Amino acid sequence: MWLAAIQLVSGRHWQDNREQIAAELAVLPKERPLLVLLPENFALFGERQGYLDGAEEIGAGPIQQQLAEWARDYGIWLVAGAMPTRMPTTIAGSDHIHTSSLVFDPSGELRGHYHKIHLFDVDVADNHGRYRESETFSPGEVPVLVDTPFGPLGLSICYDLRFPELYRQLARAGARVLLVPAAFTAVTGEAHWEPLLRARAIENQCYVVAANQGGTHETGRHTWGHSMVIDPWGRVLASKECGRGTVLAKMEPGLIDELKRTMPVLQHARLL
């Protein structure tokens with residue numbers, strides 16, 4: 001079993017970003033099963049209007065059609081880190097949308113989706129300064145697990161990483177792999193990205209796959225990169241500092257079981 005995270009430097013236009021992704025998928029190893037995670041904003045990385053114009057209904061649209069084709073053609077579990085999706089009661093051009101993660105199986109079937117719960121409304125000491133996701137997106141409400149050959153996948157997106165209660169809920173529900181697609185800024189990423197990821201792996205005894213954006217974007221934003229795969233003991237198995245590329249590591253399911261047997265922290269937890 002193999003876990004992979006694709007790091008991108010996405011721009012405003014899906015056609016250009018699609019070429020970046022296709023180039024990485026073309027050089028994947030042949031071993032299967034293989035789980036591949038794309039970063040947040042893999043399809044569109046821009047401003048509010050671009051997200052509104054590019055949002056698709058869950059289960060329909062050219063971006064999702066391409067994702068399904070890639071999953072089927074390469075025989076992989078492909079997780080679309082986060083893309084704009086229209087809410088069921090809204091139409092294109094509406095005031096708010098979701099940012100959502102979608103899981104496709106090797107037959108190209110959409111097996112589950114998650115709407116980002118925690119929205120990034122903060123001020124950062126970088127050249128962008130003010131981030132207000134709530135001006136464009138509405139938050140999701142429900143944690144999501146998706147059953148796969150790797151075990152249940154616990155879905156999350158970027159800023160969710162700072163809220164350990166989400167991951168503990170996913171772990172208690174049976175998650176064995178936690179997915180963290182992101183567009184972490186360079187400022188916050190340098191300070192907190194790796195410590196938070198390793199903490200989520202250690203405290204929940206899960207593998208963590210984290211796919212980040214990694215460079216300077218045409219909008220002027222700077223993202224941290226350092227996409228990585230972490231094992232349940234907190235060891236970084238593979239990492240990429242910046243730029244486009246793929247990190248890959250082998251998953252050892254027995255390690256999860258051994259740690260749960262010898263150090264049953266979830267059973268010992270008293271504050272729920």
Side-chain angles (χ1 to χ4, degrees), residues 3-8 10 35 37-42 45 79-83 98-103 113-126 128 131-134 137 139-146 152-173 175-214 221-242 247 249:
L3 305 173
I6 293 180
Q7 183 165 289
L8 301 173
S10 298
L35 171 70
L37 176 65
L38 299 176
E40 185 179 28
N41 298 336
F42 69 90
F45 196 116
V79 182
M83 60 174 284
H98 284 306
T99 182
S100 309
S101 186
L102 297 88
V103 180
H113 67 272
Y114 162 75
H115 301 312
K116 186 176 183 179
I117 291 175
H118 301 98
L119 301 181
F120 192 55
D121 285 3
V122 304
D123 298 314
V124 176
D126 64 7
H128 189 81
Y131 296 83
R132 295 293 184 272
E133 285 188 336
S134 64
F137 301 103
E141 302 291 341
V142 182
V144 174
L145 286 174
V146 177
L153 306 179
L155 305 186
S156 69
I157 300 171
C158 200
Y159 192 48
D160 284 332
L161 182 59
R162 295 184 181 272
F163 300 88
E165 60 272 18
L166 169 62
Y167 298 90
R168 181 49 56 93
Q169 186 169 339
L170 291 169
R172 285 191 173 279
R176 292 172 70 86
V177 181
L178 302 174
L179 303 183
V180 189
F184 245 67
T185 71
V187 171
T188 58
E190 183 176 15
H192 300 145
W193 173 247
E194 184 174 329
L196 287 170
L197 289 170
R198 294 181 70 188
R200 299 296 87 85
I202 294 165
E203 66 198 9
N204 295 299
Q205 299 177 319
C206 292
Y207 279 86
V208 168
V209 184
N212 199 18
Q213 295 281 348
R221 284 181 56 179
H222 302 291
T223 47
W224 178 238
H226 294 81
S227 299
M228 59 185 66
V229 179
I230 304 170
D231 78 8
W233 192 246
R235 291 171 291 214
V236 177
L237 302 179
S239 179
K240 180 170 179 58
E241 184 174 341
C242 62
V247 296

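Remember, predicted model here, so these are calculated numbers, not experimental data.
Scanning all heavy atoms of the two residues, the minimum distance from Ala238 to Ala249 falls at CB-CB, 4.5 Å. Scanning all heavy atoms of the two residues, the minimum distance from Leu102 to His113 falls at CG-CB, 4.2 Å. The shortest non-hydrogen separation linking Pro181 to Leu37 is N-CD2, 4.0 Å. Between Ala210 and Ala5, the shortest heavy-atom contact is O-CB, 3.6 Å. Closest non-hydrogen pair, His98 versus Pro139, comes out as CE1-O, 3.7 Å. For Leu145 against Pro152, the heavy-atom pair with the smallest separation is CD2-CB, 4.2 Å.
Here Ile6 contributes atom CD1 and Leu38 contributes atom CG; the two are 5.0 Å apart, rounded to the nearest 0.5 Å. Note that CZ of Phe137 and CG of Leu119 are 8.5 Å apart. Values are rounded to the nearest 0.5 Å. Atoms CG and CD, from Leu178 and Gln205 in turn, are 11.5 Å apart once rounded to the nearest 0.5 Å. Once rounded to the nearest 0.5 Å, the distance linking CD of Glu165 with CZ of Arg172 reads 13.0 Å. Taken to the nearest 0.5 Å, the CG atom of Leu170 stands 7.5 Å off from the CG atom of Leu155. We find the CG-CE distance between Asn41 and Met83 to be 11.0 Å, quoted to the nearest 0.5 Å.
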Point to revise | Candidate pair Val144 and Val103, rule side-chain contact (heavy atoms from CB on, under 4.5 Å), full reasoning | key: CA-CA 11 Å; Val144 174; Val103 180; over 6 Å; no
Exercise for review: In sequence, state the C-alpha distance, the side-chain angles, and the governing distance for Val247 and Gln7, and then conclude on side-chain contact (heavy atoms from CB on, under 4.5 Å).
Suggested key: CA-CA 8 Å; Val247 296; Gln7 183 165 289; over 6 Å; no
Point to revise | Test side-chain contact (heavy atoms from CB on, under 4.5 Å) applied to Val180 and Leu197, step by step | key: CA-CA 8 Å; Val180 189; Leu197 289 170; 3.9 Å; yes
Check your understanding: Would His226 and Glu241 satisfy side-chain contact (heavy atoms from CB on, under 4.5 Å), going step by step from the backbone distance to the final call?
Key -> CA-CA 4 Å; His226 294 81; Glu241 184 174 341; 3.5 Å; yes
Practice item. Might you work through the side chain to side chain donor-acceptor pair (under 3.5 Å) test for Ser156 and Tyr114, ending with a clear yes or no? Key: CA-CA 7 Å; Ser156 69; Tyr114 162 75; over 6 Å; no
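Asp231 places no side-chain N or O within 3.5 Å of a backbone atom of Tyr207 that could act as its donor or acceptor partner. The backbone N or O of Val122 sits less than 3.5 Å from a side-chain atom of Arg132, completing a donor-acceptor pair. For Glu40 (side chain) and Ala183 (main-chain N/O), a donor-acceptor pair under 3.5 Å exists by modelled atom type. In this structure, Arg221 contributes its side chain and Thr185 its backbone to no donor-acceptor pair below 3.5 Å. For the pair Glu133 (side chain) and Phe120 (backbone), a donor-acceptor distance under 3.5 Å is present. A donor-acceptor distance shorter than 3.5 angstrom exists from the side chain of Ser101 to the backbone of Ala80, with no hydrogens or angles considered. Between the side chain of Asn204 and the main chain of Ala201, no donor-acceptor pair closer than 3.5 Å is present.
Counting only N and O atoms by type, the side chains of Gln213 and Thr223 include no donor and acceptor under 3.5 Å apart. Side chains of Ser227 and Asn212: no donor on one and acceptor on the other come within 3.5 Å.
Residues Trp224 and Phe184 place their aromatic rings such that the two centres sit no closer than 6.0 Å. A ring-centre distance under 6.0 Å is found for Phe163 and Tyr159.
Residues satisfying the side chain to side chain contact (heavy atoms under 4.5 Å, CB included) criterion with Val236, sequence neighbours excluded, are Glu194, Arg198, Met228, Ile230, Ser239. Applying the side chain to side chain donor-acceptor pair (under 3.5 Å) criterion to Ser100, with sequence neighbours excluded, gives Thr85, His115.
Residues Ile157 and Ile117 have side chains not in contact (no heavy-atom distance under 4.5 Å, counting atoms from C-beta outward).
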